[in-house]
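Below is one structure; the comments refer to it alone.
Worth knowing before you read on, the calculation uses all heavy atoms, side chains too, and leaves out hydrogens, waters and symmetry mates. All ligand and atom numbering here is 1-based and tracks the order in the structure. Because the structure is predicted, anything quoted here is derived from the model rather than measured. Sequential numbering from 1 along the given sequence is applied to the chain's residues.
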Amino acid sequence: MNIITKVSDFENFIASIKSKNQSIGFVPTMGALHYGHLSLIKKSKTDCDITIASIFVNPKQFNNQTDFEKYPIQIDHDVNLLENVACDVLFLPNKDEIYSSDFIMPSFNLGKMNEVMEGKFRPGHFEGVITVVYRLFELVKPNKAYFGLKDFQQLAVIKKMTEYFHLPIEIVPCTTIREKDGLALSSRNLRLDKMQRIEALFIYQSLILCKELVPKNSPLSLKKLIEDLYIQSSLKLEYIEFINPIDLTILEESWVQGAVACIVAYCGEVRLIDNMCVFECV
Ligand code: AMP
């Protein structure tokens with residue numbers, strides 16, 4: 001695997017790929033890689049000539065300084081995993097080059113999408129996500145970019161940004177990869193102790209329960225029911241919302257096709273996010 005850290009080297013590399021008319025698949029990550037990330041790499045490898053992964057822990061998208069400081073970093077382990085799935089290139093830029101003085105993020109308003117869930121609870125988060133993804137897209141110039149459905153709202157926001165700027169990039173959604181017991185793989189799971197790892201499973205179980213209870217409840221009554229369950233659990237629920245998968249509006253009275261239950265809960269200090277389609281899923 002070719003590991004490139006300097007932006008100028010990376011730009012030369014991309015120019016040579018483009019001159020050969022090879023297609024580029026791109027998987028942006030913040031590292032501490034797991035099989036969820038690798039599933040995106042594998043998908044890109046089946047679709048594209050060259051697969052590029054990036055690792056960059058983006059300070060702009062953390063609204064909580066402690067969360068940023070405690071974000072796990074394990075480059076050697078990541079390089080090993082990437083080599084095992086035969087990723088072609090790892091782009092490992094530093095902060096000063098990503099946010100160089102000549103980079104200007106054009107203005108873009110996320111609108112209502114930024115007023116719910118992650119947008120509401122993590123002010124500035126999506127502005128940070130959009131900025132880094134825009135900058136990475138500008139450098140990588142991928143034909144396709146792969147994002148996990150685990151971060152459902154992030155995926156929707158990136159799709160909207162790509163469409164708004166008419167970027168010639170296909171955004172490919174990828175299934176959430178879970179542990180055998182159902183816990184969604186996440187870099188943050190590394191911060192859970194043994195007990196918390198067991199407790200964290202409640203998030204997946206509550207999503208399954210939502211799916212079972214949808215036929216007998218409105219979104220609002222089910223939200224209340226789940227909130228009550230979390231009060232009795234060891235997790236601290238930040239939010240549960242049932243949303244329309246197209247525009248992320250919050251459902252209250254009735255269900256729509258493909259409705260998604262989105263949950264964020266704290267297990268100790270660790271903030272975990274997950275979601276599941278709960279109604280007429282395709
Ligand atoms: P991150 O390193 O957390 O920024 O994630 C990088 C990409 O991997 C994002 O598109 C995530 O949605 C995706 N991802 C993270 N966890 C999973 C998972 N368990 N299954 C599938 N994709 C995931």
Side-chain angles (χ1 to χ4, degrees), residues 25-47 51-64 67-68 70-75 77-79 81-82 85 87 90-93 95 98 117-118 122 125-137 140 142 144-162 169-192 197 200-201 203-204 207 245 248 260 262-264 267 270-277:
F26 178 44
V27 180
T29 81
M30 296 204 297
L33 302 183
H34 50 64
Y35 288 99
H37 298 113
L38 299 188
S39 71
L40 273 52
I41 310 261
K42 286 181 188 164
K43 178 125 186 55
S44 168
K45 282 195 64 82
T46 63
D47 294 349
T51 290
I52 300 176
S54 66
I55 296 179
F56 179 66
V57 184
N58 176 29
K60 282 192 196 286
Q61 72 186 70
F62 286 84
N63 56 320
N64 176 330
D67 195 23
F68 174 58
K70 293 204 169 162
Y71 203 83
I73 295 179
Q74 32 181 242
I75 295 296
H77 163 270
D78 292 348
V79 167
L81 288 187
L82 290 172
V85 290
C87 180
L90 168 60
F91 181 41
L92 200 57
K95 183 173 141 265
I98 283 294
M117 303 192 292
E118 297 302 275
R122 300 181 75 187
H125 170 66
F126 282 131
E127 286 80 356
V129 169
I130 289 299
T131 305
V132 79
V133 172
Y134 183 90
R135 172 67 169 143
L136 288 168
F137 280 0
V140 179
K144 296 183 184 224
Y146 297 80
F147 292 89
L149 280 160
K150 173 169 174 286
D151 298 288
F152 195 89
Q153 190 174 9
Q154 169 174 282
L155 182 58
V157 160
I158 289 167
K159 254 193 201 155
K160 187 169 171 175
M161 184 270 282
T162 308
I169 301 169
E170 183 188 339
I171 304 300
V172 184
C174 302
T175 319
T176 301
I177 307 296
R178 299 177 179 282
E179 300 280 7
K180 274 206 182 84
D181 60 9
L183 178 70
L185 297 190
S186 165
S187 308
R188 290 192 166 88
N189 294 352
L190 290 169
R191 292 176 54 201
L192 301 172
R197 168 65 184 80
L201 191 53
I203 298 175
Y204 175 69
L207 287 167
L248 307 192
V260 177
C262 298
I263 289 184
V264 165
C267 195
V270 186
R271 188 178 189 272
L272 297 174
I273 185 165
D274 201 353
N275 67 78
M276 188 178 283
C277 178

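- In this structure, F68 places its CZ atom where more than 12 heavy-atom neighbours from other residues, nucleotides or ligands lie under 6.0 Å away.
- Looking at heavy atoms from C-beta onward, S186 lies in side-chain contact with K150 at the 4.5 angstrom threshold.
- Nearest protein neighbour of atom 1 (P) of ligand 1, counting heavy atoms only, is H37 NE2, 3.7 Å.
- Looking only at distances, a side-chain donor or acceptor of T131 sits under 3.5 Å from a matching main-chain atom of E127.
- Scanning I177, T176, L40, N58 for the heavy atom closest to atom 22 (N) of ligand 1 points to L40.
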(Q) For Q74 and L190: C-alpha separation, side-chain torsions, deciding distance, then whether side-chain contact (heavy atoms from CB on, under 4.5 Å) applies. (A) CA-CA 11 Å; Q74 32 181 242; L190 290 169; 3.8 Å; yes

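- Nearest protein neighbour of atom 15 (C) of ligand 1, counting heavy atoms only, is H34 CE1, 4.0 Å.
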Q: Determine, step by step, whether R178 and D274 satisfy the side-chain contact (heavy atoms from CB on, under 4.5 Å) criterion, reporting the C-alpha distance in whole Å, the side-chain angles of both residues, the deciding distance to 0.1 Å, and the verdict.
A: CA-CA 10 Å; R178 299 177 179 282; D274 201 353; 2.9 Å; yes

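- Ranking protein heavy atoms by distance to atom 21 (C) of ligand 1, first place goes to T175 O, 3.4 Å.
- Under the 3.5 Å distance criterion, the side-chain polar atoms of N58 are left unmatched by any main-chain donor or acceptor of M30.
- With hydrogens and angles ignored, the 3.5 Å screen pairs no side-chain donor or acceptor of D78 with any backbone N or O of I73.
- Ranking the protein heavy atoms by distance from atom 10 (O) of ligand 1 puts G148 N, 2.9 Å first.
- Between F137 and F147, the angle of the ring planes goes over 60°, which puts this pair in the perpendicular group of the 30/60° scheme.
- When only non-hydrogen protein atoms are considered, atom 3 (O) of ligand 1 lies nearest to Y71 OH, 3.8 Å.
- Listed by atom number, the atoms of ligand 1 under 4.0 Å from G36 heavy atoms are 18 (C), 20 (N), 21 (C), 22 (N).
- Near P28, the atoms of ligand 1 lying under 4.0 angstrom from a non-hydrogen atom of the residue are 6 (C), 7 (C).
- Close approach to L185 involves these atoms of ligand 1, each under 4.0 Å from a residue heavy atom: 16 (N), 17 (C), 18 (C), 19 (N).
- Set against the non-hydrogen atoms of F147, the atoms of ligand 1 under 4.0 Å away are 10 (O).
- The distance from ligand 1 to the heavy atoms of T29 drops below 4.0 Å at these ligand atoms: 2 (O), 6 (C).
- In terms of protein heavy-atom proximity, atom 11 (C) of ligand 1 is nearest to D151 OD2, 3.1 Å.
- Between L149 and ligand 1, no N or O atom pair is found at a separation short of 3.5 Å.
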Q. Please walk me through it: do F56 and K95 pass side-chain contact (heavy atoms from CB on, under 4.5 Å)?
A. CA-CA 8 Å; F56 179 66; K95 183 173 141 265; 4.2 Å; yes

